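One structure is given below, encoded as C-alpha cells.
Treat the numbers as computed from the prediction; the structure is a model and nothing was measured.
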Amino acid sequence: MNTDRVRTEFDPADGSVYRLLNSVVVPRPIAWVASTSPSGVDNLAPHSFFTVASVNPPVVQFTSVGEKDTLHNVRATGEFVVNLATEAMFETINETATDYPPEIGEFDAAGVAREPSARVKPPRVAGSPVALECRVHDIIAVGDCFVVMGEVLLIAIDRDALVDGHPAVERLRPLARLGRDEWSTIGTVREIKRRRYADG
C-alpha cells in the first residue's frame with residue numbers, strides 16, 4: 001500500500017465542485033432523453049447523471065442540472081423516453097446537447113430520425129438500439145438540480161443487440177461521459193463471477 005501519496009484537497013465551497021465531480025465520477029452512462037412539450041415540440045437531450053433507482057417497480061433516474069427544456073416537458077406531460085447513447089451516434093448526441101430555444105426541437109435540428117413509442121407520446125430515437133418508455137414517478141429538487149425518476153413502462157431492444165435473449169454490451173456499444181469535453185467507449189470488457197460468502 002502506498003503511504004507516500006500526496007493529495008491535493010479541494011473545498012466544495014470554493015466553487016470548483018462541478019468540474020471536479022464530473023472528472024472523478026467516471027465513466028457515467030448517458031440517458032439520451034426524448035420528451036415532448038405541451039405544444040408538440042419533440043425535445044432530445046443527453047443527461048449523464050443517470051442510473052437505475054429501483055428494480056421493483058422498475059425506475060430509472062436522471063438529473064437535470066438546473067431548469068432545462070427536458071425538465072419542463074416531463075413536468076408538464078409526465079412522460080419521457082430514455083434512449084441508449086451509442087458510439088455510432090457520438091457527434092449527433094453531442095449536437096443535441098446544444099442549448100436550442102424551447103421552440104426548436106433537437107430531433108429536427110440535429111436530423112435525428114424518430115420511431116413511434118408504444119406506451120408514451122414522446123418518440124424513440126430510431127437509430128438507438130434501446131428505448132425505455134417512462135412515466136414520471138417523482139421529481140425531487142436537490143440543491144440547484146432536479147432528480148427525475150421515471151417508472152419504466154416498456155423496454156424496447158433491437159433484436160440484433162440480443163444474444164440468447166440478453167442484451168450484449170459489445171453489440172450495444174454504449175458511450176459514457178468523462179470530465180471536461182471527454183467521452184469514452186466500453187473499451188476492454190472483463191468478466192468475473194461474484195463470490196458468495198456461503199461458498200467459503
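Annotation: side chain of I139 is not in contact with side chain of V147 (no heavy-atom distance under 4.5 Å). A 4.5 Å side-chain heavy-atom check between L154 and R124 finds at least one atom pair inside the cut-off. Counting heavy atoms from C-beta on, the side chains of V189 and V169 come closer than 4.5 Å. By the 4.5 Å heavy-atom criterion applied to side chains, C134 and L153 are not counted as neighbours. Residues P129 and D160 are not in side-chain contact: their nearest non-hydrogen atoms beyond the backbone lie 4.5 Å or more apart. Using a 4.5 Å heavy-atom threshold, the side chains of E106 and T98 count as separate. Contact check for H72 versus E67: side-chain heavy atoms found under the 4.5 Å cut-off. L132 has its side chain out of reach of F80: every pair of non-hydrogen atoms, C-beta onward, lies at least 4.5 Å apart.
Both the sub-6.0 Å distance and the 45° axial angle are satisfied by R75 relative to the ring of F146.
Checked for salt-bridge contact, E151 and R135 meet the test: a charged N lies under 4.0 Å from a carboxylate O. Residues E133 and K121 are not paired through a salt bridge, judged by the lack of any N-O separation under 4.0 Å between the basic side chain and the carboxylate.
Here the closest non-hydrogen pair linking P27 and P29 is O-CD, 4.0 Å. In terms of heavy-atom proximity, R28 sits nearest to V26 at NH1-CG1, 3.9 Å. Listed here is the closest heavy atom pair of V65 and C145: CA-SG, 3.9 Å.
Under a hydrophobic-cluster definition in which Ile, Leu, Val, Met, Phe, Trp and Tyr are linked whenever side-chain heavy atoms come within less than 4.5 Å, directly or via other members, V142 and F49 are assigned to different clusters. Criterion: ILVMFWY side-chain heavy atoms under 4.5 Å apart, direct or through other members. Under it, I157 and V33 are part of a common hydrophobic cluster. If you chain together hydrophobic residues whose side chains sit under 4.5 Å apart, V60 and L84 fall into the same group. If you chain together hydrophobic residues whose side chains sit under 4.5 Å apart, L162 and L172 fall into the same group. In the hydrophobic clustering of ILVMFWY residues, with side-chain heavy atoms under 4.5 Å counting as a link, V136 and V152 come out together.
Atom CG of D99 and atom NZ of K68 lie 9.5 Å apart (nearest 0.5 Å). Expressed to the nearest 0.5 Å, how far CG of N83 lies from CG of L44 amounts to 6.5 Å. Considering CG of L175 and CD1 of I30, their distance stands at 5.5 Å, rounded to 0.5 Å.
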Point to revise | side-chain contact (heavy atoms from CB on, under 4.5 Å) assessment of D14 paired with D11 | key: CA-CA 6 Å; D14 294 337; D11 188 335; 3.6 Å; yes
Check your understanding: How far apart are the C-alpha atoms of T70 and N43, what are their side-chain angles, what is the distance that settles it, and do they pass the side chain to side chain donor-acceptor pair (under 3.5 Å) test?
Key -> CA-CA 7 Å; T70 301; N43 176 271; 3.0 Å; yes
Point to revise | Stepwise side chain to side chain donor-acceptor pair (under 3.5 Å) check, R177 with S48 | key: CA-CA 6 Å; R177 283 291 274 121; S48 68; 5.1 Å; no
Exercise for review: Begin with the C-alpha distance, continue with both residues' side-chain angles, and end with the deciding distance and a verdict on side chain to side chain donor-acceptor pair (under 3.5 Å) for W32 and T96.
Suggested key: CA-CA 9 Å; W32 201 12; T96 62; 2.9 Å; yes
Exercise for review: Evaluate the side-chain contact (heavy atoms from CB on, under 4.5 Å) criterion for residues E115 and V125: first the C-alpha distance (whole Å), next the side-chain angles of each, then the deciding distance (0.1 Å), finally the verdict.
Suggested key: CA-CA 6 Å; E115 175 185 313; V125 171; over 6 Å; no
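Open room surrounds CG on D181; 12 or fewer heavy atoms of other groups in view lie less than 6.0 Å from it. I155 CD1: 12 or fewer foreign heavy atoms inside a 6.0 Å radius. By the 6.0 Å contact criterion, CG on D199 is enclosed, its count of non-hydrogen atoms from other residues, nucleotides or ligands being greater than 12.
D42 is linked by a side chain to side chain donor-acceptor pair (under 3.5 Å) to T36, R114, counting only residues two or more places apart in sequence or in another chain.
Between F62 and H47, the ring planes lie tilted relative to each other; the angle falls in the 30° to 60° range.
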